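Taking it in order: structure first as structure tokens, then the write-up.
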Amino acid sequence: AVADLAKKDFREAVKHGDPGSTVDAGRVSRGILEPALENELFLLPPGGVTGPLDTPRGYWIARRLE
């Protein structure tokens, strides 16, 4: 599954996402993302990867870079 791949090789997993998927979305301030995604993403340690999160804009798998 893409979620498992994302934890091993995020760059490769992004290739299986939709056309808007990216390896680095830049800095994202609080209050921009859906609350469930934001809460999980900001609690991750640097390099951590979220599980698939269901949001109004579809499922997300995100990696915290810093």
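Given the structure is predicted, the values throughout are model-derived calculations rather than measurements.
- Rounded to the nearest 0.5 Å, atoms OG1 (Thr50) and CZ (Arg63) are 11.5 Å apart.
- Annotation for Phe42: atom CZ counts as buried by contact number, over 12 foreign heavy atoms lying within 6.0 Å.
- Side chain of Thr55 to main chain of Gly58: a donor-acceptor pair is present (N/O by atom type, distance under 3.5 Å, no hydrogens or angles).
- Counting Ile, Leu, Val, Met, Phe, Trp and Tyr side chains that sit under 4.5 Å apart, directly or through other members, Phe10 shares a hydrophobic cluster with Val2, Val14, Val23, Val49, Ile61.
- In this structure, Leu33 belongs to a hydrophobic cluster whose other members, linked by side-chain heavy atoms under 4.5 Å apart, are Val28, Ile32, Leu37, Leu41, Leu44, Leu53, Trp60.
- The side chain to side chain donor-acceptor pair (under 3.5 Å) pairs that include a residue from residues 29-49 are Glu34-Arg57, where partners are two or more places apart or lie in different chains.
- Applying the side chain to side chain donor-acceptor pair (under 3.5 Å) test to pairs two or more places apart or on separate chains, those with a residue in residues 4-14 are Glu12-Lys15.
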